[in-house]
Amino acid sequence: MFWENKIIREDLEEIYSRNIDWEKLKGKTIFITGAYGMLASYIVFQCIFLNEAKHYGLKLVLAVRSEEKARKRFGDFLDKEYMELYLEDINEPIHYDGKVDYIIHGASLASTQYYDTMPIEVMLPNILGTIQLLRLAEEKKVKGFLLFSSGEVYGILNSPEEVVTEEFIGVCNHLDLCNCYGESKKIAETLCCAWVKERGVPAKMVRIGHTYGPTMDIGNDKRVFSSFVSDVIHNRNIVMKSEGFDMRQFCYIADGTAGFFQILLEGVPGEAYNLFNVEEFLSIGQLAELLIDLYPEKHLKIERQLEDGKRVTLKRKEGMFLAKGRMLGNEKLKKLGWNCSYSARNGFYRTIEGILQDEKMKDN
């Protein structure tokens, strides 16, 4: 139903208006893993837009685990002649007879709820899946390869600098399974660099932060910002289980998608790029305040859950959630021509309105 969603269609038009060399994609085939996931689905949406609205003649090969979930995300567009599903396990050797010009590896269990319960399943697509896709890239002599990496590769941000660049090496206990995601992404990045060096595969890496948008699964995504959005949509007070001082950089999915294409088409092989919004460095508490302020007519409040399970309503005052922290810089990506166009206020409003439009269309 995304094609009828006003918010998403506006996003696709806005992304297309950016300074990206879209001509490089005309008539090309893109192999995308994790294609119905929150982030990769917007890439697919953009490619469908390029075909349907701009006649680019792209072919899309979507590597997914479930045809049913792909159908739910992309609807009748799956029946288009330019769409093809690849339903095999990407952790096994990939056999695909057609040509492939670009590969985007977005398949990963990125939610923290899986890190200490399913660490093997978290790591395999990051390691084995990356190997198989790099082999495919080598075989097909692709023009570009993009790995979805993560800011978690930095570990603990104990840098003396307030703004952390791609050269920073953080501290991480690799024996703590809660770090399995970040550690396996490190290996994936190293694999990309190895294939660049030895086999000439033009692999680039994007280190993604807290990206949000209308494709969020607010029913199953356990991350704080997704839970807060769900609370607002369902007219519930926002409940915080901490002091709310932890800082996050929030990037709207349209900005993220533009960055993915910018790196894929213009990035330097073997290089990693931070994709973080330095303008929206907010504490969890500040985000809660922002979200309830978007809809004053709902009269929502911020509550804190105490250790005994009781909840207290917080009396808001200026600066109550301010906190200091280090943020990840984006100067390297900006040099490719990328920038953030959406504030957290605008982005989260678009997210909520986009989700509400989807729910309304489903009801009809």
Side-chain angles (χ1 to χ4, degrees), residues 7 11 38-39 110-115 150-152 156-157 162 178 208-256 276-328 340-360:
I7 295 292
D11 286 349
M38 176 199 160
L39 299 180
S111 180
T112 56
Q113 63 185 307
Y114 301 118
Y115 293 179
S150 168
E152 291 196 31
I156 299 173
L157 290 177
E162 284 193 12
C178 289
I208 303 168
H210 296 276
T211 307
Y212 62 94
T215 47
M216 289 195 307
D217 180 4
I218 59 173
N220 296 299
D221 190 338
K222 303 302 182 184
R223 288 175 295 182
V224 168
F225 59 87
S226 182
S227 297
F228 286 2
V229 167
S230 180
D231 288 337
V232 173
I233 287 175
H234 295 103
N235 302 313
R236 300 187 299 253
N237 286 344
I238 289 180
V239 179
M240 296 196 309
K241 298 180 181 179
S242 70
E243 295 294 320
F245 295 155
D246 289 343
M247 305 291 286
R248 301 285 187 273
Q249 289 168 261
F250 294 103
C251 182
Y252 184 56
I253 196 167
D255 284 328
F276 289 81
N277 188 346
V278 299
E279 303 298 328
E280 298 296 341
F281 191 35
L282 306 176
S283 70
I284 298 302
Q286 287 173 320
L287 176 63
E289 288 186 316
L290 181 153
L291 288 172
I292 64 173
D293 285 344
L294 288 177
Y295 297 90
E297 68 277 10
K298 291 177 178 280
H299 304 291
L300 301 179
K301 301 183 183 300
I302 301 173
E303 298 180 357
R304 178 170 293 140
Q305 184 168 309
L306 305 178
E307 291 184 4
D308 60 5
K310 293 180 180 179
R311 295 180 182 179
V312 295
T313 300
L314 300 181
K315 294 181 179 180
R316 297 167 62 187
K317 57 182 181 293
E318 185 70 24
M320 68 181 295
F321 290 119
L322 291 180
K324 291 184 178 180
R326 292 176 178 83
M327 63 181 175
L328 294 162
C340 278
S341 298
Y342 298 88
S343 66
R345 178 171 293 276
N346 188 15
F348 275 103
Y349 178 77
R350 298 185 66 78
T351 295
I352 293 170
E353 291 299 309
I355 293 172
L356 288 173
Q357 283 189 33
D358 260 357
E359 292 184 352
K360 185 176 180 179

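Computed from a predicted structure; not experimentally measured.
The 12-atom threshold is not exceeded at NZ of Lys241, counting heavy atoms of other residues, nucleotides or ligands nearer than 6.0 Å.
Looking only at distances, no side-chain donor or acceptor of Ser226 sits under 3.5 Å from a matching main-chain atom of Lys222. Proximity of a side-chain donor or acceptor of Glu279 to a complementary backbone N or O of Cys340 within less than 3.5 Å is not detected. Listed for the Asp255 side chain is a donor-acceptor partner under 3.5 Å among the backbone atoms of Ser341.
Salt bridge annotation for Glu243-Arg304: present, with a cationic side-chain nitrogen under 4.0 angstrom from a carboxylate oxygen.
For Met240 against Ala288, the heavy-atom pair with the smallest separation is SD-CB, 4.4 Å. Here the closest non-hydrogen pair linking Ile253 and Pro214 is CG2-CD, 3.9 Å. Of all non-hydrogen atoms in Gln286 and Phe281, the two that sit nearest each other are OE1-O, 4.3 Å. In this structure, Ala344 and Leu282 approach most closely via the heavy-atom pair CB-CD1, 3.9 Å. Between Gly151 and Phe276 the shortest heavy-atom distance is CA-CZ, 3.8 Å.
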**Request:** Please lay out, stage by stage, how Asn237 and Lys301 fare under the test side chain to side chain donor-acceptor pair (under 3.5 Å).
**Result:** CA-CA 5 Å; Asn237 286 344; Lys301 301 183 183 300; over 6 Å; no

**Prompt:** Between Ile292 and Asp231, does a side-chain contact (heavy atoms from CB on, under 4.5 Å) hold up when you go through it step by step?
**Reply:** CA-CA 9 Å; Ile292 64 173; Asp231 288 337; over 6 Å; no

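Separating the OG1 atom in Thr351 from the CG atom in Asn346 is a distance of 9.5 Å, to the nearest 0.5 Å. Residue Glu289 holds its CD atom at 12.5 Å from CD1 of Ile284, rounded to the nearest 0.5 Å. Atoms CD1 and CD, from Ile352 and Gln357 in turn, are 13.0 Å apart once rounded to the nearest 0.5 Å. Here the NE2 atom belonging to His210 is positioned 11.5 Å from the CE atom belonging to Met247, to the nearest 0.5 angstrom. Interatomic distance, Ile302 CD1 to Arg311 CZ, rounded to the nearest 0.5 Å: 13.5 Å. Taking CD1 of Ile218 as the reference point, atom OG of Ser227 lies at 9.5 Å (rounded to 0.5 Å).
Two residues are said to be in side-chain contact when any heavy atoms from C-beta on lie closer than 4.5 Å; Asp217 and Met38 fail this criterion. Within the 4.5 Å cutoff, the side chain of Tyr212 has no heavy atoms near those of the Val229 side chain. Arg248 places none of its side-chain heavy atoms less than 4.5 Å from the side chain of Phe225. A heavy-atom distance below 4.5 Å is found between the side chains of Asp293 and Arg345. Put simply, the side chain of Phe348 does not reach to within 4.5 Å of the side chain of Glu280, judged on heavy atoms. The shortest distance between side-chain heavy atoms of Leu294 and Val232 does not fall below 4.5 Å. Side-chain contact between Leu300 and Ile238 is absent, with no heavy atoms from C-beta onward closer than 4.5 Å.
For the residue pair Asp11 and Tyr252, a side-chain donor N or O sits within less than 3.5 Å of a side-chain acceptor on the partner.
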